[in-house]
Amino acid sequence: MAKRTDTRSPAPHVSDSHDLIRVHGARVNNLKDVSVEIPKRRLTVFTGVSGSGKSSLVFSTIAAESQRMINETYSTFVQGFMPTLARPDVDVLDGLTTAITVDQQRMGADPRSTVGTATDANAMLRILFSRLGKPHIGPPSAYSFNTASVRASGGITVERGTARTRTVKATFNRTGGMCTRCEGRGSVSDIDLTQLYDDSKSLAEGAFTIPGWKSDSQWTVQVYAQSGFVDPDKPIRKYTKKELQAFLYGEPVKVKVNGVNLTYEGLIPKIQKSFLSKDKEAMQPHIRAFVERAVAFTTCPDCEGSRLSEGARSSKIERISIADACAMEIRNLAEWVRGLEEPSVAPLLAALQRTLDSFTEIGLGYLSLDRPAGTLSGGEAQRVKMIRHLGSSLTDVTYVFDEPTIGLHPHDIQRMNGLLLRLRDKGNTVLVVEHKPETIVIADHVVDLGPGAGGAGGTVCFEGTVEGLRAGDTVTGRHFDDRAAVKESVRKPTGTLEIRGASAHNLRDVDVDIPLGVLTVVTGVAGSGKSSLVHGSLPHRSGDVGEKVVSVDQSPIKGSRRSNPATYTGLLDPIRKAFAKVNGVKPALFSANSEGACPTCNGAGVIYTDLGMMAGVSTTCEDCEGKRFDASVLEYHLGGRDISEVLAMSVTDAEEFFGTGEAATPAAHRILGRLADVGLGYLALGQPLTTLSGGERQRLKLATHMAEKGGIYVLDEPTAGLHLADVQQLLGLLDRLVDSGKSVIVVEHHQAVMAHADWIVDLGPGAGHDGGRIVFEGTPAELVSGRSTLTGEHLADYVGG
């Protein structure tokens with residue numbers, strides 16, 4: 001009898017059953033026991049209003065736990081050198097794979113960091129020039145602007161055995177490529193002394209014009225007046241050469257002032273340490289304005305901004321130096337590298353070619369390798385980070401993206417979608433936090449969080465397909481197909497702001513008239529020159545019309561977990577004064593960073609226990625129960641509330657509380673009104689800045705800048721991080737600003753903002769050298785009807801034109 005053959009397919013292998021990432025009971029930040037199952041090897045998009053808990057679920061729970069578990073695979077010795085990560089507050093996390101996070105964190109603003117150093121491109125170029133450059137000047141370090149040349153010689157002691165020691169002469173040489181004049185920064189700072197002091201006055205007459213230095217009793221002023229190096233009663237302009245040298249550049253030295261030992265230091269190094277070494281964005285507005293007036297950065301005359309020494313610039317390959325190569329647009333540099341044929345460095349050329357081609361493929365071919373990393377927008381920085389992953393051979397990895405379409409023109413979003421799908425098709429799990437319908441629509445699976453923001457969010461409102469989201473009754477589903485209509489009538493300008501001969505970066509002697517008294521949108525593909533035109537030209541031209549320009553760019557706001565919306569916006573000052581006045585005590589008592597702090601936790605609200613190489617543990621302070629204040633401080637009340645209860649209020653509740661009754665505080669009410677205007681009514685006043693999303697931080701900064709007395713407001717992509725439902729509220733805010741007599745200029749890609757504009761300036765037609773020109777000026781209706789530019793075509797499709 002013939003043997004029977006079983007043709008049925010075998011049962012699935014047990015290892016193939018692990019096809020879900022399971023999250024149960026997540027409670028990070030505002031998440032409310034969230035449970036969700038995410039399919040592996042699929043593209044899942046997380047949606048929801050800003051502050052609904054998307055980042056808390058994706059980054060602070062899934063990605064954070066994956067990273068923590070990977071770190072635990074290393075020895076405890078190695079873990080001691082790694083950042084310690086606490087386990088997220090979640091009951092079960094199952095099915096995790098290695099997570100690679102590609103977030104919107106701006107690249108470090110260190111002046112030595114460039115696009116080339118942030119990727120592997122510069123390192124490979126340095127090796128290439130050290131092998132092929134003529135004349136040969138040394139190893140790869142000789143082409144590095146971060147490496148200084150060092151020469152040393154002297155005697156060293158050599159021990160041989162137990163009894164014999166002898167001294168021998170030794171020399172050490174290291175050839176670096178750093179320009180000695182600017183120390184590899186490419187620019188030199190020039191401090192305007194007239195902004196520091198009035199040289200017609202003496203120190204005793206109050207010569208200093210530095211903010212906070214005008215009081216005679218101020219310790220810093222007294223150090224100079226009583227140092228003995230200068231005559232405090234003599235006008236500064238009459239100082240001798242020796243006195244002026246000691247006054248401006250004196251080395252640090254101990255001096256006695258009123259019986260107290262203090263350090264005297266020249267004015268220039270003192271200013272550099274006190275002001276220039278700090279984050280400008282974190283400064284108070286009047287301090288920031290002083291720094292912008294007093295300091296000018298000019299291109300280094302020795303290296304002409306290349307950062308490199310003369311030797312590094314003299315070594316060339318086919319008449320191109322490494323400085324020339326780094327200054328090229330990357331797409332042009334890729335063509336130059338492709339033309340090099342040298343078998344001895346073939347693997348290096350192939351690797352460099354792949355990296356440079358990845359820049360072009362991802363839409364960043366218009367950048368150059370010498371572009372400072374701190375000048376990249378959040379979207380550009382995110383795409384630069386993606387480059388190392390595009391050619392990766394890894395599969396079954398979880399890639400986590402935070403709004404990858406930020407900073408992208410509608411024309412470029414399709415390319416980004418293709419990259420996300422490529423990563424998925426290689427067998428990876430792709431998790432994307434996103435607001436743009438153009439990217440949500442390509443998802444295999446959608447998780448919608450909400451229904452509101454902050455305390456009103458933190459729950460899963462929908463899981464399923466895009467079609468199911470569209471049909472569902474969630475905020476995202478209801479607004480998914482929203483389309484703004486082009487304005488039927490536009491405002492009339494009250495004047496014009498002339499920009500003539502703008503040539504920053506890739507701008508080609510641009511002449512343009514920006515209308516005043518209206519809402520103007522500057523648009524164009526990424527890299528077309530929008531920011532160069534607006535941020536590089538407008539602030540310097542503001543004097544032409546006698547109007548101050550208030551610029552709200554994309555630079556991040558910084559703050560520790562002690563910082564919160566109340567401290568960042570200055571709201572806490574009037575609140576402290578109101579508490580102090582009603583209770584007859586000092587305002588400092590109502591600061592958790594000052595006299596009112598709980599002595600046990602020093603006002604942090606938590607006790608942090610460092611466990612060495614293991615993750616530290618944060619526990620709520622038992623004495624203050626997380627309220628951060630000493631118990632005696634909480635006995636003082638304003639309007640029936642203590643200071644901790646006030647800081648626990650939402651912006652909306654606090655606005656009502658400080659608006660009427662005993663607690664009425666006009667100064668606080670005005671700040672709270674601005675926070676509500678930018679859509680942050682749900683934020684708690686004492687919520688740590690470290691828990692805010694990128695969109696929330698940008699709107700917090702916008703609310704702060706709205707307090708400045710300016711006639712022209714310049715906003716850089718204010719829709720970043722905004723849900724579809726919140727865009728309409730932003731448009732209302734922009735309208736209120738214009739209707740109050742302000743001129744508003746917005747750099748923006750969002751079609752709803754373009755359609756709502758009174759005037760549009762479109763740059764292009766392409767990016768980098770292909771951009772830098774004005775391709776359209778006019779109303780949105782004219783742009784739609786003409787369809788003469790990429791922006792016009794996409795806007796016409798958006799409004800159904």
Side-chain angles (χ1 to χ4, degrees), residues 28-30 51 55-56 59-60 64 83-86 89 105-106 274 277-285 287-288 454-455 555-580 586-610 615-634 636 641-651 654 668 671-672 675 680 682-694 696-701 703-704:
V28 175
N29 296 329
N30 67 329
S55 296
S56 297
F59 289 93
S60 304
T84 55
L85 303 169
D89 188 4
Q105 289 294 323
R106 301 287 288 271
S274 301
S277 63
K278 296 179 180 176
D279 175 33
K280 196 164 71 171
E281 190 55 45
M283 295 176 177
Q284 292 176 292
I287 302 290
R288 186 167 61 240
S555 58
I557 64 174
K558 298 186 179 178
S560 66
R561 59 184 177 186
R562 287 182 176 272
S563 303
N564 52 54
T567 58
Y568 181 78
T569 59
L571 171 65
L572 204 54
D573 290 334
I575 291 177
R576 283 198 299 252
K577 289 175 183 175
F579 266 94
K586 292 190 295 184
L589 281 177
F590 303 99
S591 170
N593 297 324
S594 187
E595 294 181 26
C598 166
T600 306
C601 63
N602 292 321
V606 294
I607 303 292
Y608 182 76
T609 307
D610 186 3
V617 178
S618 294
T619 53
T620 302
C621 175
E622 292 181 1
D623 286 1
C624 68
E625 298 177 344
K627 294 180 180 179
R628 304 174 61 195
F629 291 91
D630 186 76
S632 61
V633 175
L634 301 181
Y636 300 113
R641 306 285 185 98
D642 64 42
I643 185 67
S644 69
E645 290 172 329
V646 168
L647 291 177
M649 287 182 179
S650 68
V651 168
I671 296 173
L672 290 163
L675 288 170
L680 295 177
Y682 59 88
L683 279 189
L685 303 186
Q687 183 175 339
L689 286 188
T690 50
T691 66
L692 301 189
S693 68
E696 287 169 334
R697 289 185 174 213
Q698 188 171 18
R699 282 180 287 153
L700 186 62
K701 183 162 63 168
T704 306

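Rounding to the nearest 0.5 Å gives a distance of 8.0 Å between CG of N30 and CD of Q687. Atom OH of Y682 sits about 11.0 Å away from atom CG of L675, to the nearest 0.5 Å. Between the OG atom of S632 and the CG atom of L589 there is a distance of 7.0 Å, given to the nearest 0.5 Å. Between the CG atom of L634 and the OG atom of S644 there is a distance of 4.5 Å, given to the nearest 0.5 Å. In this structure, the separation between CD1 on I575 and OG on S591 is 12.0 Å, given to the nearest 0.5 Å. To the nearest 0.5 Å, atoms CD1 (I643) and CZ (F629) are separated by 5.0 Å.
Here the closest non-hydrogen pair linking P565 and L689 is N-CD2, 4.0 Å. Nearest heavy-atom pair across P599 and D630 is CD-OD1, 3.3 Å. The two residues S60 and A64 make their nearest non-hydrogen contact at O-CB, 3.4 Å.
Proximity of a side-chain donor or acceptor of T567 to a complementary backbone N or O of N564 within less than 3.5 Å is detected. Judged purely by atom type and a 3.5 angstrom limit, S594 has no side-chain atom pairing as donor or acceptor with the backbone of F590.
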Mind running side-chain contact (heavy atoms from CB on, under 4.5 Å) on V646 and F579 for me, showing each step along the way? CA-CA 11 Å; V646 168; F579 266 94; 3.9 Å; yes

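Applying the side chain to side chain donor-acceptor pair (under 3.5 Å) test to T569 and every residue at least two apart in sequence or in another chain returns nothing. For K577, the side chain to side chain donor-acceptor pair (under 3.5 Å) test picks out no residue, with sequence neighbours left out.
The one candidate from L685, L647, I671 that meets the side-chain contact (heavy atoms from CB on, under 4.5 Å) condition with L572 is L647.
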Validation: residues 620-628 side-chain donor-acceptor distances under 3.5 Å, sequence neighbours left out:
unit_1 : atom_1 : unit_2 : atom_2 : d
D623   : OD2    : T600   : OG1    : 2.5
R628   : NE     : G603   : O      : 2.8

